[in-house]
Amino acid sequence: MNLFNKTSILFVCLGNICRSPAAEGILKQKVKEQGLNENIFIDSAGIGSWHVGQLPDSRMRRCGKENGYDFSSFARQFTKKDFERFDYIIVMDEDNYADVQSRCPNKSLMSKVHYIREFFDKYKNQSIVPDPYYGDYSDFQFAIDLLEDACQTILNKIIK
């Protein structure tokens with residue numbers, strides 16, 4: 001059992017300023033709309049420490065706001081303790097998976113780690129959520145589109 005006594009989900013990306021805080025914000029909104037806040041704990045973290053304490057990238061916040069979301073969590077770094085704290089650790093790409101795996105204290109805990117692609121419904125041909133950081137606005141919007149799809153499936157399969 002996790003430390004929250006709720007179903008707990010952690011989204012992980014490289015720096016915790018684009019993809020994972022967007023996934024956190026989208027799923028929080030979907031959970032709130034269903035009145036399930038009391039049952040779910042949602043968080044996000046980054047592999048690296050470069051952005052710890054910062055808000056998500058301003059472009060992601062703007063794109064999120066235009067899509068009806070609040071992306072206002074502060075970046076933090078993924079730690080080994082997250083394996084104890086969370087039921088589901090959902091990574092955005094293969095590099096994130098490898099980094100999380102390298103920090104895993106024992107192999108059995110890797111069963112908690114999932115690729116975001118496992119939850120794609122409309123975008124089944126997509127294998128990752130590409131990092132929009134070096135892209136333009138359309139890359140941020142595409143990341144949100146992918147995350148909305150995955151978060152809806154997470155809501156349907158894990159939470160409900």
Side-chain angles (χ1 to χ4, degrees), residues 2 4 6-79 81-82 85-97 99-100 112-123 126-160:
N2 64 60
F4 304 109
K6 301 177 176 188
T7 299
S8 57
I9 299 168
L10 179 67
F11 292 103
V12 178
C13 71
L14 184 61
N16 196 213
I17 60 166
C18 293
R19 298 170 292 172
S20 58
E24 175 188 352
I26 290 166
L27 189 56
K28 281 182 174 177
Q29 180 67 31
K30 290 181 177 297
V31 165
K32 181 180 177 184
E33 289 169 359
Q34 296 293 314
L36 299 170
N37 289 29
E38 297 299 316
N39 305 324
I40 311 297
F41 181 80
I42 304 160
D43 196 10
S44 63
I47 297 301
S49 62
W50 318 282
H51 302 291
V52 169
Q54 295 177 11
L55 285 167
D57 183 284
S58 61
R59 297 165 295 171
M60 183 56 86
R61 288 193 321 247
R62 186 179 84 239
C63 192
K65 185 175 182 179
E66 290 172 6
N67 283 272
Y69 300 109
D70 175 26
F71 301 155
S72 60
S73 60
F74 292 93
R76 72 174 187 85
Q77 188 172 17
F78 180 82
T79 69
K81 289 183 180 180
D82 288 324
R85 299 174 66 212
F86 291 91
D87 300 310
Y88 298 90
I89 299 169
I90 302 174
V91 300
M92 300 294 147
D93 60 37
E94 288 84 2
D95 291 336
N96 302 153
Y97 186 91
D99 287 330
V100 167
K112 295 181 172 193
V113 182
H114 300 270
Y115 286 102
I116 191 79
R117 68 177 169 235
E118 296 173 38
F119 303 100
F120 290 151
D121 182 36
K122 296 176 192 169
Y123 295 95
Q126 193 70 28
S127 63
I128 64 169
V129 175
D131 191 343
Y133 187 79
Y134 292 106
D136 61 21
Y137 187 83
S138 66
D139 297 303
F140 286 87
Q141 183 60 55
F142 184 56
I144 288 176
D145 292 343
L146 291 169
L147 294 169
E148 285 177 323
D149 182 33
C151 286
Q152 187 61 52
T153 303
I154 291 167
L155 182 67
N156 295 339
K157 289 187 175 180
I158 294 175
I159 297 172
K160 285 189 173 179

Exercise. Under a 4.5 Å cut-off applied to non-hydrogen side-chain atoms, are Phe74 and Leu55 in contact?
Worked result: yes
Legend entry - Flag side-chain contact, heavy atom, 4.5 Å: Phe78 against Ile89: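 In contact.
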If I take atom [atom1] from residue [X] and atom [atom2] from residue [Y], how far apart are they, to the nearest 0.5 angstrom?
| X | Y | atom1 | atom2 | answer |
| --- | --- | --- | --- | --- |
| Lys157 | Asp121 | NZ | CG | 7.5 Å |
| Leu146 | Gln141 | CG | CD | 10.0 Å |
| Ile90 | Glu24 | CD1 | CD | 12.0 Å |
| Leu155 | Gln29 | CG | CD | 11.5 Å |
| Leu27 | Leu36 | CG | CG | 10.0 Å |
| Ser73 | Ile17 | OG | CD1 | 11.0 Å |

* Side chains of Gln152 and Glu148: is there a donor and an acceptor less than 3.5 Å apart? -> no
**Q.** Test side chain to side chain contact (heavy atoms under 4.5 Å, CB included) applied to Ile144 and Phe71, step by step
**A.** CA-CA 11 Å; Ile144 288 176; Phe71 301 155; 3.9 Å; yes
Minimal non-hydrogen separation, [X] against [Y], with atom names:
| X | Y | result |
| --- | --- | --- |
| Met60 | Ala22 | SD-CB, 3.9 Å |
| Asn96 | Val12 | OD1-O, 3.5 Å |
| Phe140 | Cys18 | CE2-SG, 3.9 Å |
| Ser20 | Ala45 | OG-O, 3.4 Å |
| Arg19 | Pro130 | CD-O, 3.5 Å |
| Asn37 | Lys32 | OD1-CA, 3.0 Å |

Review point. Going by the salt bridge (Lys or Arg N to Asp or Glu O under 4.0 Å) test, which pairs reach into residues 52-65, not counting sequence neighbours?
Key: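 Sorted result for residues 52-65: Asp57-Arg59, Arg62-Glu66.
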If the test is side-chain contact (heavy atoms from CB on, under 4.5 Å), which one of Val129, Thr153, Leu147 qualifies with Phe120?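 Filter result, single survivor: Val129.
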Check whether [X] reaches the backbone of [Y] with its side chain - one donor and one acceptor, N or O, closer than 3.5 Å.
| X | Y | answer |
| --- | --- | --- |
| Asp149 | Tyr123 | yes |
| Ser8 | Arg85 | yes |
| Asn67 | Tyr69 | no |
| Gln77 | Gly46 | no |

Report task. Determine, stepwise, if the pair Phe86 / Asp43 fulfils side chain to side chain contact (heavy atoms under 4.5 Å, CB included). Result -> CA-CA 9 Å; Phe86 291 91; Asp43 196 10; 3.8 Å; yes
Query raised in the report: Should we count CD of Glu33 as having more than 12 external heavy atoms under 6.0 Å?
Result: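 It does: Glu33 CD has more than 12 such atoms within range.
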Salt bridge check, Asp82 against Arg76: does any charged N sit closer than 4.0 Å to a carboxylate O? yes
Tyr115: which of Phe11, Tyr97, Tyr88 passes ring-ring contact (aromatic ring centres under 6.0 Å, His included):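 Answer after filtering Phe11, Tyr97, Tyr88: Tyr97.
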